[in-house]
Student: 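Quick one: the structure is below, questions incoming.
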Amino acid sequence: MASGSQPKLPVINMDDLKPGSESWMLTCDEVTRAIEEYGCFMAIYERVSKELSKEVLDSLKTLFELPTETKIKNTSDTPFYGYLGPNHTRPLFESMGIENATSLDHVQHFANLMWPSGNHHFSENIHSYASLVSDLETTVKQMVFYSYGVEKYIESYGKSSTTYLFRVNKYKPAKTGESNVATTAIHTDKSFFTILSQNHVNGLQIQTKDDEWITVEFLPSSFVVMASDVFMGEFLYTSKKGLGIPFSFHAWSNGRLRSTRHRVIMNGQEDRYSIALFTFKKGITEVPEELVDEEHPLRFKPFNHLKFIDHHSKSPIYVDERAMKSFCGYINAPKQAHSTHRKLKDSLIFFFFAYGFPATIFKQVPSGSITTAAAVVPWEQTMSRDLLSMGSKSKPPVLQIAEYPQWRFLNNIDKTLMVSIQEGPIRPYVDVPGTPETATTPAIEPRRVFKLFRHFNEVEKIRAELDEKALTLLTMAIPNDLFNRVDSRNTAKELWDELEKQFQGTERSIQAKLNQAIGAYEGFKALEGETLADSYSRFNIILNDLRRNGMQKSTSEINFKFLKNLNPEWDHYSVNLQMNKNLAEEDLPDLYSILSQHEVKVKYIVTKQKSISDSLALLTEKSKSVLSSSSKKKNHSKALVTELSDSDTETVEDASSESDVDLKRVADKLALLSSSIHKRYGKKKFYSKPKFENYKRDKYKPKEYEKRPERKTYEKGITDEKGNVCFNRGKPGHFVKDCRAPKVRDFDYYSKKAQLAKRKSEGKVLMAEEECWYDDTSDDEDSAHFTQVHYNLMASVEETINLYKETEETNEVSQTPSDSDLSDNDECSLEEQFLILKTEFDDLKEKIKFERARVIEFSNECELYKCLADDRELEKAEIRKEKAKLESQISEMKSALVNLESEKAE
Ligand SMILES: O=C(O)CCC(=O)C(=O)O
Ligand SMILES: [Fe+2]
């Protein structure tokens, strides 16, 4: 038995079938489906008894043992109908033909040639056998006609319109060392039908649609029924794609039925005997008009099978395509689906695809938000005129390669058709229970019989029509160049899946794409200078990609991700939304619209921050150049300035001249600014730290930016109704020396201290309480340091602005800011400076994150290309296989040609 997953020929019980009964109708469908699928089936047919079979097969042994001079008496007007003896290309094969074997006279005529006094028993047996097998052929024909609803034509294909060639074959096994030349070439028979039987030695092989070979294992009382195309198959090789001669059941069915490609391979050590009953239609063979439709355009003119055989079998024996065409108008039709595609393109009205989006807009539509056609409409309203013209109710958008994702989505609009597309076409069937083995019949396995369309019920018919429609619409929406890549697919589902495969890639590349989408999502971060609208649009594209690749994120995660990764100028609003909205319930578009209301304000802040940051950078540059020119001139001052990334351990030597003192002062201020920020917020310094006797390295713990006091608390000391001021906590009520509250060293504290220090340095007199508070806090190292920091910071900002103005005017560095430039008015400068630095730092961190994401993205891309390369390799291997196959077929053809020529010579 054929093992495991190997395909098997359908086995159909052909006994006891009453025409019109349910089992008869079911068998009609079974037979037709089998021939459509395999071109043949195995019939269990007990009307040919085991005894008769045995006697006929035994008599073949006697027949082939006759001397050659007797056997060659078997001749015919038609070449190859008579005896064929062993020759150099086929030394182990012999064959004899009995024409009109359903007539006893004809069989007796043959017997009289073989045996001097005839062989009555032989003649009776062969006649009975041939008659019974011809009945089987008639039944099969009736069934197929019935299945296709063309039973009205059956009369003209009955026994009186058919001739029968009864051919008997002997295959000897190859002896050790001999090559197995008894094997026949791969061929299709050139008859209408062929019915085969054999002794117990197997050898027949049938080729499936998928080019697999089924070795036929004949069951007791079984016959292989084959739909064929031209007589004497094994000697007239026909290639799979070109030279098939259309005088056949295949032709009659207008290409609906398959003719069977088969061959014989001898493996065993015993002789094989086989019997083939070839049937031929007398008179005209014509394709029934009922079998011509859009999918099966007429391919053959009416033709006379026997006349053609007669005409073309004399010379030349090979019937080429031109001969066929001139004889019966054979049309070497393009592939069905493709021709359907062409035809339908001009005629069908489409209702399926109503709207279309170009990729650019579609990608921005939050993909989760479109689930129905109704949801599409608001987006459609925002589309351009061009866009609207892309799809209408009478014209489907043709699939553009780059727009596959949205095209695929649009097909989803019609749910009924999507059922056909996603589940595949309906194939109504009946499960037929198996029959157990009896004394006379073999067991037949339970099997599934697929119904023919005319036996579908109403629901099944509606669904089948939808299946057709789905295929048509899909076919129509595929542009020609793309169609060539998928036209081997015969159902909407196959076509759909193939498109999916081509566009989405194989499992591995799907995974790679998913990784890529995840990488893009993880690495999402508003780009420097990117507007809110652009960030939002980019984020939506990323989300869509993610969803398309099957990854869903929760609403809260999406919202949080977006808010958290906006540009820093949005921090304030973003934090606000995070704190005040339930992110699990808000829609991203709503959050976006809230944010976008603040866009103008945010832009203003950004511009302001930028101008401050530019000024600071300018100051740094100018200081550098002043210091270096001074250093060159005086030659006794070392460089004071280092780049941002420099360590903070460098020192500056004491300066001696006046200008050096000025320079040192500027440098000190910048270093202090940098140092203060560094200490407070853990940020790198802008400047190297000069020696500064008034403070030591501080141990001050940096405060979290987020925990800083609100600006309104940056008030000066508050005086109570009695005039008492407390500078410690900013609350009125007592002098600071009496204050028991712990000292709070906040921005206010240092700010106040800096102001007092400045006033003192300017020789101004302080109020008693101010003096007292100042003295009280001056023994504190940290305090001294920060007072200095703040003092210098205010001066630095002032200097920055002056320097900036100066540059605008003179465009060259000529002077350093003096003490008189210092101002104590700008109390919020530190906060602004801090914001800039924090932004830079955060940016840097995010840039690293982003670069990492890009690396992941890049490696995913590499993976994707690798997959594509693998796919190409597979394709190449397929082509190589196909080439090898074709080459072997050519060599088979050549040997058949040699063989024929040698026979012709004989
Ligand atoms: O011997 C067989 O089983 C098959 C013979 C055959 O293919 C033929 O005669 O055309
Ligand atoms: Fe054959």
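Each ligand, and each atom within it, is numbered from 1 in the order the structure gives.
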Student: Which of the atoms of ligand 1 are close to Val264, meaning less than 4.0 Å from one of its heavy atoms?
Tutor: 1 (O), 2 (C), 3 (O), 4 (C)
Student: Can the positive tip of Arg263 be found less than 6.0 Å from the middle of the six-membered ring of Trp213, inside 45° of the ring normal?
Tutor: yes
Student: How would you list, by chain and number, every residue that makes a ring-ring contact (aromatic ring centres under 6.0 Å, His included) with Trp24, sequence neighbours excluded?
Tutor: Tyr146
Student: Applying salt bridge (charged side-chain N to carboxylate O under 4.0 Å, His left out), can you list everything that pairs with Lys18, at least two apart in sequence or on another chain?
Tutor: none
Student: For Phe278, counting its heavy atoms only, list the atoms of ligand 1 lying under 4.0 Å from any of them.
Tutor: 8 (C), 9 (O), 10 (O)
Student: With a 4.0 Å heavy-atom cut-off (strictly under), which part of Phe93 contacts ligand 1: side chain, backbone, both or neither?
Tutor: neither
Student: Under 30°, 30 to 60°, or over 60°: which ring-plane class applies to Tyr129 and Phe223, parallel, tilted or perpendicular?
Tutor: tilted
Student: Quick one: does ligand 1 sit under 4.0 Å from the side chain of Arg263, the backbone, both or neither, non-hydrogen atoms only?
Tutor: neither
Student: Under 4.0 Å from a heavy atom of Ser274: which atoms of ligand 1 are those, numbered in the order shown and with their elements?
Tutor: 1 (O), 2 (C), 3 (O)
Student: What part of Leu196, side chain from CB on, backbone N/CA/C/O, both or neither, has a heavy atom under 4.0 Å from ligand 1?
Tutor: side chain
Student: Does some non-hydrogen atom of His262 fall short of 4.0 Å from ligand 1?
Tutor: yes
Student: Decide if the gap between the ring center of Tyr171 and the ring center of Phe93 is smaller than 6.0 angstrom.
Tutor: yes
Student: Mind running side chain to side chain donor-acceptor pair (under 3.5 Å) on Gln198 and Asn202 for me, showing each step along the way?
Tutor: CA-CA 8 Å; Gln198 62 162 42; Asn202 290 325; 2.7 Å; yes
Student: Which part of Arg272 is near ligand 1, with near meaning a heavy atom under 4.0 Å away: side chain, backbone, both or neither?
Tutor: side chain
Student: Show me which atoms of ligand 1 lie under 4.0 Å from any heavy atom of Tyr171.
Tutor: 1 (O), 2 (C), 4 (C), 5 (C)
Student: Once the angle between the rings of Phe192 and Tyr157 is folded into 0 to 90°, is it parallel (under 30°), tilted (30 to 60°) or perpendicular (over 60°)?
Tutor: tilted
